[in-house]
> 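Supplied in structure tokens, the structure appears directly below.
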Amino acid sequence: MNQLSFQLKGSVVTAIVLELYRYSRTQFSGELAGKVRQAPMFFQQTPVVISLEKLETDPSKIDFAEVIALCREFGLRPMAFKGAPPECVAALEATGLVLIPAGQVGRAVVPESPSVAPPEPPSVAEPEIVVRTVVEERLVQRPSKVITRPIRSGQQVYAEGCDLIVMAAVSEGAEILADGHIHVYGALRGRALAGVRGDDTARIFCQSLEAELVSVAGNFKLSDSLRELGWKAPAQVYLQDDTLHVVAL
Amino acid sequence: MNTREPDAAGKIEERVLAKIIVVTSGKGGVGKTTSSAAIGTGLALRGFKTAIIDFDVGLRNLDLIMGCERRVVYDFVNVINKEATLKQALIKDKRTPNLFILPASQTRDKDALSQEGVQAVLNELSRDFDYIVCDSPAGIEKGAQMALYYADIAIVVTNPEVSSVRDSDRILGILQSKTRRVEAGEEPVEEHLLLTRYNPTRVLAGEMLSVQDVEDILVIPLLGVIPESEAVLKASNQGTPVILDQETEAGQAYSDAVARLLGEKVEHRFLEVQKKSFLKRLLGGK
């Protein structure tokens with residue numbers, strides 16, 4: 001049915017960011033070798049973004065092709081430079097990697113584990129670079145999933161990475177899941193699970209609450225307890241202080 | 001070749017191929033075969049050339065309800081396996097012109113139904129029939145899926161009780177996902193609800209779901225409500241489709257359902273408790 005040979009899609013890729021502070025070939029190579037020795041499998045074929053935002057060494061004195069070559073030697077796969085200083089853009093472009101502007105993405109810094117500190121005894125000359133593992137996450141807005149036909153017993157609908165809107169009834173024995181909110185504009189008689197990937201701000205809104213189970217980020221209530229909290233009436237379900245609240249709308 | 005309703009004639013000319021109707025339910029014993037026999041006969045009585053196929057391979061019943069069990073020589077599986085032609089296997093009904101029955105094999109199981117085989121039989125029948133009624137086996141496994149795969153119209157037979165309603169809901173889900181129409185991206189299968197074994201007295205007593213309750217849960221158009229009746233059992237045992245007995249409420253209710261299936265507007269009957277007249281009560285009438 002689909003005649004297209006490809007489709008373009010937004011996506012999130014998890015990569016390691018190597019924040020370079022100082023650079024000298026021997027020091028860099030030595031420390032990198034130490035890191036890789038700690039977890040050899042983890043670094044194999046790992047995509048890496050080299051960040052120059054906090055670079056203290058004069059970038060014009062660094063041979064970036066050499067940096068890339070060293071990374072590759074240890075199994076890392078550099079894919080981009082981030083926060084390139086304007087004076088060395090040309091040199092970086094020559095390496096063939098992508099240039100990402102600094103501070104473009106929000107990021108979550110994974111707390112440094114003790115093992116991240118260089119293994120060398122402190123008596124040795126002060127380490128010149130510190131490699132930090134930073135996991136970057138990019139939020140891509142996805143359109144909500146809208147279902148207009150009834151969801152029948154035995155059917156399962158999952159709105160991945162977005163909200164789920166159902167314009168009809170959800171039957172007993174059906175299951176609806178969403179990473180975001182769930183709206184049901186018919187009777188909700190099946191199971192509804194919002195925030196299934198852990199979003200505890202997700203909510204469930206429904207026109208008539210007759211559900212077998214409602215859940216937000218893994219906190220659930222069964223129909224027996226729902227019967228005391230606005231049964232067959234419009235209601236919303238949300239999580240507050242790890243307690244699931246069911247409130248009439 | 002046949003005398004047809006004037007308004008239906010135009011439609012038939014446009015559509016060269018037969019309409020395939022599946023009578024299905026999920027749950028067993030709700031009246032699928034009785035309804036297939038009644039509706040198939042009803043369509044034939046209206047002048048449409050109709051074939052009823054028994055998909056319940058291994059648990060053949062349609063031949064008994066249609067009263068043609070002694071005339072079964074070849075069956076559906078023989079035709080699929082090319083051991084017999086369709087012409088040899090089709091049994092012409094003795095009472096109703098335009099009506100043919102394709103019985104199931106009693107000695108085989110559902111694995112004998114291959115997708116290509118079923119398609120070939122339906123294609124061949126489509127060329128010179130107006131309607132093909134597929135009597136589905138119970139369950140949601142291969143036999144039932146095969147019966148509904150090629151359907152244009154689905155009649156979901158439901159009893160007014162919770163387990164039957166839930167199974168019907170399940171089969172409606174399968175109709176929305178596992179049919180040729182869905183896979184080809186065509187208009188979805190037309191869905192109809194046929195409520196059988198309805199007893200207004202027990203509904204009033206709260207022992208049975210009401211029409212409204214069932215409609216609320218399944219949310220599909222109501223084709224008909226067949227009242228619970230001894231006439232249905234009697235007709236089955238005699239091998240006469242109950243629709244042929246127009247004296248009975250069940251027979252009349254099936255006629256109404258066929259009319260609605262053909263797009264006519266007919267009021268629903270037999271939904272309320274009928275008040276017995278003084279004389280009837282005196283005579284102990286049922």
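Note: hydrogens, waters and symmetry copies are ignored here, and every other heavy atom, side chains too, is used.
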> Does atom CZ of A:F220 have more than 12 heavy-atom neighbours from other groups under 6.0 Å away?
no
> On a heavy-atom basis, which atom in B:I220 and which in A:R152 lie closest, and how many Å separate them?
CG2-NH2, 3.4 Å
> What pair of heavy atoms forms the shortest contact from A:R149 to B:P188, and how long is it?
NH1-CB, 3.3 Å
> Hey, could you give me each pair passing salt bridge (Lys or Arg N to Asp or Glu O under 4.0 Å) that has a residue in residues 207-231 of chain A? Not counting sequence neighbours.
A:R189-A:E210
> Sort by residue number and list every member of residues 162-171 of chain B having a non-hydrogen atom under 4.5 Å from chain A.
B:R166, B:D169, B:R170
> How about CD on B:E272, more than 12 heavy atoms from neighbouring residues, nucleotides or ligands closer than 6.0 Å, or not?
no
> Just wondering, are more than 12 heavy atoms of other shown residues or ligands nearer than 6.0 Å to CD in A:Q240?
yes
> Can you establish whether the number of heavy atoms outside B:R108 located under 6.0 Å from its atom CZ is more than 12?
no
